[in-house]
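I have a structure here, written as structure tokens, and I will follow up with some questions on it.
These numbers were taken from a predicted model, which means no experiment stands behind them.
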Amino acid sequence: MSRNQVLWRIWVLCLVMLTITGLLGLRLVYLQMVRGDQYKTVAARQTSVRYTVKASRGQLLDRSGTPLVSNELSYAVRFDYYDWDKERQNEIITRVCAILDAGGVSHYDSLPITDGYPLTYTYSSLDSGDGRALARFVEKTLKLEELPSAGKLFELLCERYDVDESMDFMQKRLLIGVRYEMERREFSAYAPFVLATGADIDTVGHITQLHLSLPGVSVEADSTRRYDTDAAAHILGRVDIIYAEEYQELKDQGYGLNDILGKDGMEKALEPLLRGWDGKETLVADIRGNVIERYISEEPRPGANCYLTLDLGLQQVAERALAETIETIRANGARLSTRQGADAEGGAAVVIDVRSGEILAMASYPTYSLRTFRQDYAVMKDDPLAPMYNRAIMGLYAPGSTFKMVTAAAALEEGIITPNTKITDLGIYTFWEDYQPRCWIYRDRGQTHGRINVSEAIKYSCNYFFYEVGRLLGIDKLVEYANAFGLGQVTGVELAGEKAGQVASDKTIDDWQGGLVLQAAIGQSAHQFTPLQLANYVATLVNGGTRYRPHLLKKAVDYSFTETVLEPEPEVLQTIDLKQSTVDAIKEGMRGVVTEDGTASAVFRGYPIPVGGKTGSAQTRKGRSAHGVFVSFAPYDDPEIAVCVVGEYAGSGGSVAPVVVQIYNHYFGLDQTEELPDNGSVAE
């Protein structure tokens, strides 16, 4: 190759290199000078992640604004799937649970198997939440056609979760409980698993110190329900984490797995108001993982604060008085030769505003503490007295003689009798040859009530009078008026689980015979009503015939307490066109019950507020004391509240009347106290 050709090629190569260098320089100038800011931002903002910002749940307050359930800052311990060490997960779970246990923090475990021998299932039925979840797990995950024994399932889960055989029983039970819970809540990249909530700062600090040896375990700030009172557990209810089976129904409503949901009580009934809407926080990081910006991209919206109709002070008095009175009845009954009341167990008390249907107090005994519900659950569910059972709306009881005002109202309104009509009590009612029941006073003392009118019949609780009136009325009219007063049907109160009960009639008793109308007229037979129904029936009667829907929500306001969100008006369910003479005659009889020689006069003698009442003894199975029922209203001239108290196996209605005295003492601001009398000899 000639020298000229070499030089020419060198010049061409240099020209190409200069051209490329020039183009690169121009591009660099363009990128830095023209698009520099844009690409700088792009280079810096490589990743952005959106996190949920939990919204605060609304508070529950009593009618005057006293907090019942509020929120407090706490921490949740959770497992994050991306960092989770599957090889060491049993070890990690054991270590974290030990830290939680040392701090007094309970972890979630819904596996319905006992934590001790003999191994048995703890669900109430396969239709219960835990029962259904377990049955679904066994069928779909374990691929078994039927549920094995608890012991066999324990072994299968230990094998499934590769539990070390050298571990002791409690360690194995802990591990399979948590692992089962993780599967039940579908732990995945899309659903972190919350092991525990309500952890304190010391527990959090301990976990944080060990974070390098606990991969996938994280702690986040959380809001925990704080129960500001031990009262009203059956009303307030509780919250808990959403489970996978619930999530399928709730996901379209904006809920996520591990969100908090009202499970029962007013927490459940007011869920749409109490729940807030979570917000979003955006975190921006560079490619090295350094956070360069974080901001709230969607503000959380807190839930509404809900005022209940409850008066906390009155609720506390009702619960305390109910518990003390039942214990006293049991102790007194043990000293009586008849043993009446010695087997007293539970009970309920309801206080309702006759002018609006607002429930001022609703007690059920025995009760429990929402603060320690999770720790106490295993014991409570096996307690024969069923402390979680809300007797005020679920307990069904024959009303006894407290039903006699229904019979009286029907007879007066239908013209069967007038307030002045007198009937002679002959002791034995002989209209039918094959069925001749006796008045209680004739049965117990060989006496009669003589010639009396309807007010006196209520005062002395004369069965004979109401046998005659009930026969003349007939069962259809009795049922009509009982239904008009709301008996034998749900009241519509917000709480779930309310029972309807029934009114005794030829429709509810298969082998109905004409003489059964006599028992129905005096409140026996197959009548089954809740204490709330009985309280609302009396409220309807003494307010002149307006039956309101009993309710517990007074109003809801926004989280800042500045704007009313909802304030429901009293809802009228039915209006009974009662004559004033009917109301006056019945009230006069109820006034007589608590004065002079009425069936509850011993309890109310000298009471400074004029009230009305009615005792009732509801027959139970052979060998057990009668249920005691007492209904009342006050003040007599211008009624404000109606009360019903039921004592299971309390012997008589008069024996539970002291509960009403203490309720009135608080409601009317009286300082006096009433000694609980021995009412073993009270007839009704």
Between Thr325 (side chain only) and Leu322 (backbone N and O only), is there a donor and an acceptor less than 3.5 Å apart? no
Can we say Glu567 and Lys554 salt-bridge, meaning some charged N sits less than 4.0 Å from an Asp/Glu carboxylate O? no
Check the pair Val351 / Gln315 against side-chain contact (heavy atoms from CB on, under 4.5 Å), numbers first and verdict last. CA-CA 9 Å; Val351 185; Gln315 177 73 24; over 6 Å; no
Taking the side chain from Tyr442 and the backbone from His449, do they hold a donor-acceptor pair closer than 3.5 Å? no
Decide yes or no on side chain to side chain donor-acceptor pair (under 3.5 Å) for Ser461 and Lys614, but give the supporting numbers first. CA-CA 8 Å; Ser461 202; Lys614 183 71 189 81; 3.0 Å; yes
Backbone N or O of Gly545 within a donor-acceptor pair of the Asn543 side chain at under 3.5 Å?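 Side chain of Asn543 to backbone of Gly545, a donor-acceptor pair under 3.5 Å: yes, one is there.
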Taking the six-membered ring for Trp, are His627 and Tyr649 ring centroids under 6.0 Å apart? yes
More than 12 heavy atoms of other groups within 6.0 Å of Arg238 CZ: yes
Is there a donor-acceptor pair under 3.5 Å between the side chain of Gln524 and the backbone N or O of Ser617? yes
Say whether, by atom type as modelled, one donor and one acceptor occur between the side chain of Thr508 and the main chain of Val503 under 3.5 angstrom.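 It does hold such a pair.
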Under 3.5 Å, is there a donor on one side chain and an acceptor on the other for Tyr368 and Asp383?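 No, Asp383 and Tyr368 have no side-chain donor paired with an acceptor closer than 3.5 Å.
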For the CG atom on Asp382, are there more than 12 heavy atoms of other groups (residues, nucleotides or ligands in this structure) within a distance under 6.0 Å?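 Yes, the 6.0 Å shell around CG holds more than 12 heavy atoms from other groups.
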So does Arg549 pair up with Glu571, basic N to acidic O under 4.0 Å?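 Yes, this pair counts.
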No-hydrogen, no-angle side-chain donor-acceptor test under 3.5 Å, Arg451 and Thr424: yes
Should the ring pair Tyr607 and Phe604 be called parallel, tilted or perpendicular, given that the plane angle runs from 0 to 90° and is split at 30 and 60? perpendicular
Check the pair His527, Phe403 against ring-ring contact (aromatic ring centres under 6.0 Å, His included), reporting the backbone distance first and the verdict last. CA-CA 9 Å; His527 292 314; Phe403 186 82; 4.3 Å; yes
Go through the steps to decide whether Leu487 and Gln502 satisfy the test side-chain contact (heavy atoms from CB on, under 4.5 Å), and finish with yes or no. CA-CA 7 Å; Leu487 297 173; Gln502 66 178 18; over 6 Å; no
Could you tell me whether Glu480 and Lys477 have a side-chain N and a carboxylate O separated by less than 4.0 Å? yes
